[in-house]
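From a predicted model like this one, the values you see are computed outputs, not experimental measurements. Just so we're on the same page: letters track the sequence lines, and every chain starts at 1.
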There are 2 protein chains.
Amino acid sequence: MDDHTDQTRKPRADAVRNRERVLEAAKLVFNAGGPEASLEAVAKRAGVGIGTLYRHFPTREDLFEAVYRREVEQLSEFAEQLKNAKDPVDALRRWLWSGVEFVATKKGMVAALALAVQSGSELHAFSFERLTKAVGSLLDRAVAAGAMRADISPEDLLRAFFGMCYMHDQPGWQSSVLRMLDVFVDGLRVQPVAKAKTRTNTRTAKPAKAAVKRKR
Amino acid sequence: MDDHTDQTRKPRADAVRNRERVLEAAKLVFNAGGPEASLEAVAKRAGVGIGTLYRHFPTREDLFEAVYRREVEQLSEFAEQLKNAKDPVDALRRWLWSGVEFVATKKGMVAALALAVQSGSELHAFSFERLTKAVGSLLDRAVAAGAMRADISPEDLLRAFFGMCYMHDQPGWQSSVLRMLDVFVDGLRVQPVAKAKTRTNTRTAKPAKAAVKRKR
DNA sequence: TGTTAAGCGGAGGGTGCCTCCGTATCTTCG
DNA sequence: CGAAGATACGGAGGCACCCTCCGCTTAACA
């Protein structure tokens, strides 16, 4: 409370170093083995004791948050850029697409963000808020332009998005999710204006059924 | 194959009884504590040894499958009934709504079905196939009537559906999911035909934002 | 009632979570 | 530079859960 002195010691060098090591290791381990991966494995890989890991990141979510902070940032920035796009609805769609891309690259990211979105605890509020704001601005613009229904919140949208991504481990999930997102964005439009089914083809839309056919 | 004798002993009474007990206990435990609940807790509650539980249900998924078999059946039957509905698109929407209802009641059911849908292993193929067929028939009818785009597979739809449900633990999730489903079904239409935004109001659509507001 | 296979149950080995605290190391200050 | 004290380290240990394995029990059948 009475921090009158404010004489904050310089943080210890080893502490800083270890934090970084853990982060590095966690990124590797999560991206490879998914978000269920053992934290002890992370610690071992980082060459630190399990206690050290827990001191820096008291919960698994804290670690997620830290690991994927950069990615979230990027995604949010991309939303910023898209604010200048012509068609606000299309901007939203493109943002969602890039979200799929991210998820595809970072295996652990979905679950990490899913957790953030799901549990709603303030611990990992950062990602959630950042993304909410990002998608919110896109939504607002589209709504303001009268192109999109107004009764959908950014939270709704994010949850739906991650929900869809969450369901997919199997091969071919990407095209499936992209298709679903197309449908979804279509549903968001307020003015069907000739309901361009053309769009469906812009992205090498598979013959649907075939794209999903179970492999065996 | 060469079941020439066919002299199958009557199954032991205690085995049958125990299986039932485990099922009963599992239903309680899963519905209350979610699908992560300890199997040992289930066994204890059922008054059987852990070994007995595992003999009857070698994997957690097997247990899920057995526990929620009835629910899946009901849901599928409801789809049958809806085949007689006037508007095939509306039929689909109503089916999805009832799905939400199910999920709301059975806390463990989402994750159970999600698993079934997700992992795609043949162990719990039952639920997945049953539901796929159910939703498939609804889809087909709508497509045949020219009311719905044809490039969406039942699997896609199911995964999207469960994905949306999966994301929701927090209060107010139901209205959110219902809203998202509305959007989704709208997106599925092929003919906007006056794009009834009336529907949005049929179910006391909250002011969106408010419905999602975090509680603290 | 005896034989026998089906079924039972829980001990035990393994993994992972998280805490706690004695020890080591870094920063600061004289 | 050296001492003092703050800060961080690491891993042992307690707990919970997973799942297997096998000696014992018990129901079905003759």
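The 5' end of DNA chain C is approached more closely, in terms of each residue's nearest nucleotide, by Arg12(B) than by the other of Pro11(A) and Arg12(B).
Taking the side chain of Arg60(B) as heavy atoms from C-beta on, and the options dC18(D), dG7(C), dT27(C), the nearest nucleotide is dC18(D). In this structure, of dT25(C), dG7(C), dA28(D), it is dA28(D) that holds the atom nearest to the side chain of Ala13(B).
Going from atom NZ of Lys10(B) over to atom P of dG7(C) covers 13 Å, rounded to whole Å. Taking atom CG of residue Asp14(A) and atom C1' of nucleotide dA6(D), one finds them 12 Å apart after rounding to whole Å. Between the P atom of dT27(C) and the CZ atom of Arg17(A) lies a distance of 10 Å, rounded to the nearest Å.
Summarising the local packing, CD of Glu101(A) is surrounded by 12 or fewer heavy atoms from other residues, nucleotides or ligands at distances under 6.0 Å.
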- [ ] Show the numbers, then the answer: is there a side-chain hydrogen bond (donor to acceptor under 3.5 Å, both in side chains) between Asp156(A) and Ser176(B)?
- [x] CA-CA 6 Å; Asp156(A) 283 345; Ser176(B) 173; 2.5 Å; yes

Task: Check against side-chain hydrogen bond (donor to acceptor under 3.5 Å, both in side chains), Thr59(A) and Asp62(A) - done: CA-CA 5 Å; Thr59(A) 76; Asp62(A) 289 332; 3.2 Å; yes

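At the phosphate of dC26(C), neither OP1 nor OP2 sits under 4.0 Å from any side-chain N or O atom of Arg9(A). The side chain of Asn18(B) contributes an N or O atom lying less than 4.0 Å from OP1 or OP2 of dC8(C).
Here the closest heavy-atom approach between residue Leu139(A) and residue Ile152(A) is recorded as CD1-O, 3.7 Å. Taking every heavy atom of both residues into account, Arg45(A) and Ala25(A) meet most closely at CG-CB, 3.6 Å.
A heavy-atom distance below 4.0 Å to DNA chain C is reached by these residues of residues 29-58 of chain B, ordered by number: Val48(B), Gly49(B), Ile50(B), Gly51(B), Thr52(B), Arg55(B), His56(B).
To the nearest 0.5 angstrom, Phe184(A) atom CZ is 14.5 Å from Leu178(A) atom CG.
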